[in-house]
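First comes the structure, then the notes that go with it.
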Amino acid sequence: MFGVWPPFPIEVFATYLEDASVMAALEHRDRICEFVFNLTFSEHERFATLMQDPFPAMTSLHILSRIESVLPITVLRRSAPHLQSLTLTDVPFQTLHRISLTFNDLSELCLRIMTRPGYVSPEALITGLSAFTKLTHLTIQFGSHMAFNRPTGRPSSLTRAILPALTAFQFEGARNYLDDLLARIDAPQLETLRIEIFH
């Protein structure tokens, strides 16, 4: 199928790796510029193996299911060295700093916090984001079913992140969480702010 077309860039949207069109696209991995997938848990290990081969043209990777346990950051660096846009689902926040060091040119980041139990503090999130100094677009999405009650006790210190290149910020979650988050972000170039508050 792809052999009869000009060598256009290829965008892959996969919910099943055995899909014939996905397999055909993977035969031209040097042309794949974007990979979006939302796979079942049983396919995660195979996807991690797949990502060990290079995707030299890939600039966008959107992971809509949780696979960080089988997809080390070093594998991502080898397979997609020119990555500019990244979506991660339920990634441990302690790995965000490693991601920022690995992908120095990352300009778009989307963090989907859908299934992680317990309270994820704005301080923990900001600590992970503070090294992404080249981000121009940041999206943070919480699952609507998650609890957002602040922990009791003394408030944490006001850890801040300076994001000098950020021009667009999108947030989906609870208002009290957003208030705490915005108090910790300095974004002097911000032009667009999109907010969806859960009630």
Side-chain angles (χ1 to χ4, degrees), residues 33-36 55 58-68 71-116 118-144 146-151 154-198:
C33 63
E34 181 175 9
F35 202 151
V36 182
F55 291 81
M58 184 186 296
T59 58
S60 298
L61 175 63
H62 305 288
I63 303 173
L64 305 184
S65 53
R66 182 179 182 178
I67 67 161
E68 80 285 345
L71 191 62
I73 302 304
T74 53
V75 172
L76 278 177
R77 177 58 177 172
R78 290 196 303 268
S79 61
H82 305 296
L83 201 65
Q84 297 177 7
S85 179
L86 178 63
T87 297
L88 296 170
T89 299
D90 289 336
V91 63
F93 293 123
Q94 60 267 28
T95 68
L96 288 179
H97 183 70
R98 291 172 54 200
I99 294 172
S100 70
L101 296 177
T102 302
F103 298 105
N104 297 325
D105 295 326
L106 199 67
S107 60
E108 298 182 9
L109 177 65
C110 176
L111 299 176
R112 304 173 72 247
I113 308 164
M114 299 292 152
T115 61
R116 186 169 301 282
Y119 180 80
V120 179
S121 72
E123 180 180 14
L125 185 55
I126 287 299
T127 299
L129 290 173
S130 59
F132 287 92
T133 57
K134 294 185 179 181
L135 281 184
T136 60
H137 292 71
L138 173 63
T139 299
I140 300 173
Q141 300 175 327
F142 283 92
S144 59
M146 296 181 65
F148 294 91
N149 296 324
R150 294 185 180 94
R154 297 181 59 185
S156 58
S157 60
L158 196 63
T159 303
R160 304 187 67 85
I162 301 175
L163 303 176
L166 192 70
T167 60
F169 176 57
Q170 179 176 344
F171 177 88
E172 298 177 15
R175 180 173 180 176
N176 59 351
Y177 196 100
L178 176 65
D179 291 342
D180 286 350
L181 194 63
L182 291 180
R184 300 170 184 270
I185 296 178
D186 290 332
Q189 303 298 324
L190 191 66
E191 299 175 352
T192 302
L193 181 63
R194 180 178 177 181
I195 298 171
E196 181 178 342
I197 298 298
F198 296 158

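- Side-chain contact check for L135 versus E108: every heavy-atom pair is 4.5 Å or farther apart.
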For a side-chain contact (heavy atoms from CB on, under 4.5 Å) check, start with the C-alpha distance between T167 and H137, then their side-chain angles and the critical distance, and finish with the verdict. CA-CA 6 Å; T167 60; H137 292 71; 4.0 Å; yes

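- M58 has its side chain within reach of F35: a pair of non-hydrogen atoms, C-beta onward, lies under 4.5 Å apart.
- Considering only residues two or more places apart in sequence or on other chains, L163 meets the side-chain contact (heavy atoms from CB on, under 4.5 Å) condition with L138, L166, I185.
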Determine, stepwise, if the pair T87 / I63 fulfils side-chain contact (heavy atoms from CB on, under 4.5 Å). CA-CA 6 Å; T87 297; I63 303 173; 5.8 Å; no

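- Considering only residues two or more places apart in sequence or on other chains, F55 meets the ring-ring contact (aromatic ring centres under 6.0 Å, His included) condition with none of them.
- More than 12 heavy atoms of other residues, nucleotides or ligands shown are found within 6.0 angstrom of CG on L193.
- Ring geometry for F171 against Y177 counts as parallel: the plane angle stays under 30°, on a 0 to 90° scale with 60° as the upper cut.
- For H82, there are no side-chain contact (heavy atoms from CB on, under 4.5 Å) partners two or more places apart in sequence or in a different chain.
- Annotation: the span from L178 atom CG to I195 atom CD1 amounts to 4.5 Å, rounded to 0.5 Å.
- Checked against side-chain contact (heavy atoms from CB on, under 4.5 Å), A165 has the following partners two or more places apart in sequence or in another chain: T136.
- Residues forming a side-chain contact (heavy atoms from CB on, under 4.5 Å) with S60 (at least two apart in sequence, or on another chain): E34, H62, S85.
- Residues L190 and F169 come closest through the heavy atom pair CD1-N, 3.8 Å.
- Considering only heavy atoms from C-beta on, T139 stays 4.5 Å or farther from L111 through its side chain.
- Note: T59 OG1 to L86 CG = 11.5 Å, rounded to the nearest 0.5 Å.
- Applying the side-chain hydrogen bond (donor to acceptor under 3.5 Å, both in side chains) rule to Q170 yields the partners E172; only residues at least two apart in sequence or on another chain are considered.
- Looking at R184, its side chain never comes within 3.5 Å of a backbone N or O of I126 through a donor-acceptor pair.
- Proximity of I113 to Q141: side-chain heavy atoms (C-beta onward) are nowhere separated by under 4.5 Å.
- In terms of heavy atoms, S130 sits closest to A161 at CA-CB, 3.9 Å.
- Residues L83 and D105 form no side-chain contact, since every pair of their non-hydrogen atoms from C-beta on lies 4.5 Å or further apart.
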